[in-house]
Amino acid sequence: MFDKILIANRGEIACRIIRSARALGVKSVAVYSQADKAAMHVALADQAVAIGGPAPRDSYLRGQAIIQAALDTGAQAIHPGYGFLSENPEFVAAVEEAGLVFIGPSQSAIRAMGLKDAAKALMQDAGVPVVPGYHGANQEPEHLAGAADAIGYPVLIKAVAGGGGKGMRLVERPEDFAQALSSAKSEAATAFGNDAVLVEKFILKPRHIEIQIFGDGVDAVHLFERDCSLQRRHQKVIEEAPAPGMTEEMRAEMGQAAVRAARAIGYKGAGTVEFIVDGARGLRPDAFWFMEMNTRLQVEHPVTEAITGIDLVEWQLRVAAGEGLPMTQGALSISGHAFEARLYAEDVPAGFLPATGHLRHLRFSEVARNDTGVRSGDEISPWYDPMIAKVITLGPTRVVALKRLEAALADTEVSGTVTNLGFLSALTRHPGFRAGDVDTGLIARDLDMLCRDAKPELWQIAAAAALAIDLPYLTDPLTGFSQSGLIWQSVDLEDVGPLRIAVTGPGQARIKLDDRDISVRAQGDALRVEGAPGLVRGLCAEGRITLFGATSCDFVLRDPLERKAGAEAASALVLAPMPGLVKAVFVAAGDTVEVGTRLAILEAMKMEHSLTAARAGTIAEVLTQPGAQVEAGTALVVLEDEA
Ligand code: ADP
Ligand code: ADP
Ligand code: MG
């Protein structure tokens, strides 16, 4: 076994590999970009080496710099994780030339599977069923159109060098073929520098079922299947193992086909053979076809680990260090059912837009295995994939495992960025998914239902307002005390509108919304809200209020200070509209100000707000200074009375 390995990756997969290495007594070296200096994988590793700027091409894709880091730190092998350099045969060659071990397959195995047409031809020769279609060299449009007619519509045009669903076109009618072909080709040329395509039968009601395989360079075993049919635009969202409805007969057929594929290329290490399955008439042993092989550890490998009890990264290290296959096919078995949900920082209603943010708070459920690369306080930066975690649950049956996934998601707390948590939770309640009736079109068909934002309840709005002023943390005994009565502040929530809140005592407030008056009281870090079904927990960060728990929801704050100006127009007093820290004061007694002159900056609700003069006049007195922590309603600046 190695003494030390280098991990050429970041995020959750780097952390996950470090843990398995450590369990084997193997030291780990992390590499990191400037954006990742303080990242979790760097903290977790035994050593870490800076390799360049934040953009992947300046760091995680710099093969030579990474190899040099391994040589400098005395690492004997490099684990590529997934993405980045994991399926790059030139990198494998360079690693081996430097006298290091690449923890993964040979460069020839990666090359053999790199192009879809060549891979399909190879698999056909090895006796693996492939999707009916044309994957030959003739790229003449007339020839391809003829092939499509022979296959029968609908057909799928795929870029041979494709990945991530790019360069793929569904064609339903012959008259649309020419147009689809030229757009697929131009997209493929731009994305992959290779415009060759293949044409294949489009499977109706397709299911994506893949087989985890493991080879030692000569022989191979399979570790059963994963169902990855829950996809959005060809990207996996929730995966599970085993596949719903799978029969022993079909599993054996698919497993053997995948093992044949692995043997045909002398596969070494962990790999995945992806099949497309026709789910229209139930799972049948003659209705699955090879799509492609991913020559690396897959994002969704934990569901396989959960049902087999095997640590796949441990196997990767052992086989790379020269051991044979750790187990025979007969010794492998399935126990229970597992799910994985990919938790992302993304704005689902805005079309699954990737998001960034500072994670003020991050807490995972103990019901699940949570593979993550971030902690409370970390950033989701714009540079990399915005995955926050993979939430993995196991149960004795599918029903129990899914129930646990639902519970684990409800118990997962993220504050500081928008996430797809609500969308994932809605998926766990989808009747078709619950029944195991999955296909790759499920999400698209029911997108509206899955993304619908329920109208917030009054108590949720009241809780959001209380969290906006950090009510649970206003514990000073004098909080809310004022000789002039209650001080009403305005909190403006997007899609709700402005509402008024007054602190009535330590950790207590009243909220006015339309003609309703709701009282809220802090209890520890939670809130007891009039009308709520139970205690409410949540946080405000980066202008976004997140309520946690099964009825989680999100609110966005509109800058309240912009509206404040009008409300105090008549007043000579400029008050702090919320508790906060005075960051700067720009005026002194005697200064004359115009409407809108900046008086001070208050940092509150995790944002900086400028306090501006609501009317023209002369400053009579400044009652605060930079660095002061002020309560809501504290007088900060006094203007001279209007003449
Ligand atoms: P899977 O089929 O397991 O989802 P993908 O090939 O779609 O695998 O990608 C695996 C993961 O690696 C995804 O999270 C993706 O965002 C990331 N990834 C893929 N290619 C790259 C790359 N070149 N650089 C960085 N990350 C990548
Ligand atoms: P990529 O390299 O982009 O991952 P794949 O060939 O793996 O491309 O296909 C991605 C997804 O497209 C599959 O998971 C499946 O949902 C869908 N798909 C691929 N081939 C077919 C087909 N012949 N019929 C129906 N759907 C398909
Ligand atoms: Mg694929």
Side-chain angles (χ1 to χ4, degrees), residues 82-83 86-88 110 112-124 128-135 144 147-148 150-172 177 180 184-185 187-188 190-212 225-240 243 254 258 261 271-281 283 287-300 342 385 433 438-445 447:
Y82 55 70
S86 62
E87 294 177 278
N88 182 324
I110 296 177
M113 290 298 175
L115 295 178
K116 291 185 204 292
D117 55 346
K120 274 182 89 170
L122 187 71
M123 291 300 99
Q124 217 164 11
V128 176
V130 303
V131 186
Y134 175 76
H135 49 263
L144 293 171
I151 296 161
Y153 283 83
V155 299
L156 198 59
I157 301 172
K158 276 188 192 178
V160 303
K166 283 209 189 76
M168 218 152 80
R169 291 287 183 285
L170 167 62
V171 196
E172 314 215 44
F177 188 85
K185 276 188 171 289
E187 188 172 303
T190 316
F192 314 110
N194 176 350
D195 76 349
V197 296
L198 56 80
V199 184
E200 63 186 30
K201 175 115 199 104
F202 181 74
I203 310 296
L204 296 168
K205 207 173 183 221
R207 284 176 65 176
H208 174 121
I209 301 182
E210 58 185 34
I211 303 283
Q212 174 71 55
E225 80 279 5
R226 292 184 287 259
D227 194 313
C228 310
S229 298
L230 283 201
Q231 304 184 347
R232 200 194 68 85
R233 299 213 185 127
H234 310 301
Q235 296 297 313
K236 299 161 186 170
V237 178
I238 293 183
E239 302 98 345
E240 63 180 301
M254 291 185 78
T272 295
V273 183
E274 296 189 334
F275 294 100
I276 189 119
V277 170
D278 184 355
R281 286 171 300 156
L283 296 185
F288 71 88
W289 302 277
F290 172 86
M291 252 186 329
E292 66 167 347
M293 179 167 179
N294 293 325
T295 51
R296 55 170 161 85
L297 191 66
Q298 199 96 330
V299 175
E300 59 274 21
R342 301 186 186 195
D385 188 280
F433 178 46
V438 291
D439 71 278
T440 60
L442 181 145
I443 290 180
R445 272 196 307 276
L447 200 59

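We count ligands from 1, going down the list as the structure has it; atoms in each ligand are counted the same way. All values below were derived from every heavy atom in this structure, side-chain atoms included, with hydrogens, water molecules and symmetry-related copies excluded.
Taking CD1 of I276 as the reference point, atom NE2 of H208 lies at 8.0 Å (rounded to 0.5 Å). Here the straight-line distance linking atom CG of L283 with atom CZ of F288 works out to 11.0 Å at 0.5 Å rounding. Between atom CD1 of residue I211 and atom CE of residue M293 there is a gap of 11.5 Å, rounded to the nearest 0.5 Å. Here the CD1-CZ distance, from I151 to F202, works out to 13.5 Å after rounding to the nearest 0.5 Å.
The backbone N or O of D227 lies less than 3.5 Å from no partner atom in the side chain of E240, so there is not a single donor-acceptor pair.
For ligand 2, the polar-atom distance check against F202 finds no nitrogen or oxygen pair separated by under 3.5 Å. Polar contact check, K116 against ligand 2: a nitrogen or oxygen pair lies under 3.5 Å apart.
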Name every donor-acceptor pair, under 3.5 Å, that has one atom in a side chain of residues 159-172 and the other anywhere in the protein, sequence neighbours excluded.
{"from": "R169", "atom 1": "NE", "to": "S183", "atom 2": "OG", "distance (Å)": "2.9"}
{"from": "R169", "atom 1": "NH1", "to": "E187", "atom 2": "OE1", "distance (Å)": "3.3"}
{"from": "R169", "atom 1": "NH2", "to": "E187", "atom 2": "OE1", "distance (Å)": "2.7"}

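Each of the following atoms of ligand 2 lies closer than 4.0 Å to a heavy atom of G162: 2 (O). For ligand 2, the atoms closer than 4.0 angstrom to any heavy atom of E274 are 7 (O). Atoms of ligand 2 found under 4.0 Å from any heavy atom of T440 (numbered from 1 in listed order, with element): 16 (O). Here is the list of ligand 2 atoms found below 4.0 Å of a heavy atom in G163: 1 (P), 2 (O), 3 (O).
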Practice task
Decide salt bridge (charged side-chain N to carboxylate O under 4.0 Å, His left out) for K236 and E210; before the verdict, give the C-alpha distance in whole Å, the side-chain angles of both, and the deciding distance to 0.1 Å.
Solution key: CA-CA 12 Å; K236 299 161 186 170; E210 58 185 34; 3.2 Å; yes
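Between the side chains of Q231 and T440, no donor N or O sits under 3.5 Å from an acceptor N or O.
Between K236 and ligand 2 there is no heavy-atom distance shorter than 4.0 Å.
Across H208, Q231, M168, heavy-atom proximity to atom 10 (C) of ligand 2 is greatest for M168. Across the listed options R233, H234, K158, H234 owns the non-hydrogen atom lying nearest to atom 12 (O) of ligand 2. Comparing heavy-atom distances from atom 26 (N) of ligand 2 across N294, V130, I276, L170 singles out I276 as nearest. Looking at I203, V155, V277 and measuring to atom 24 (N) of ligand 2, the nearest heavy atom belongs to I203.
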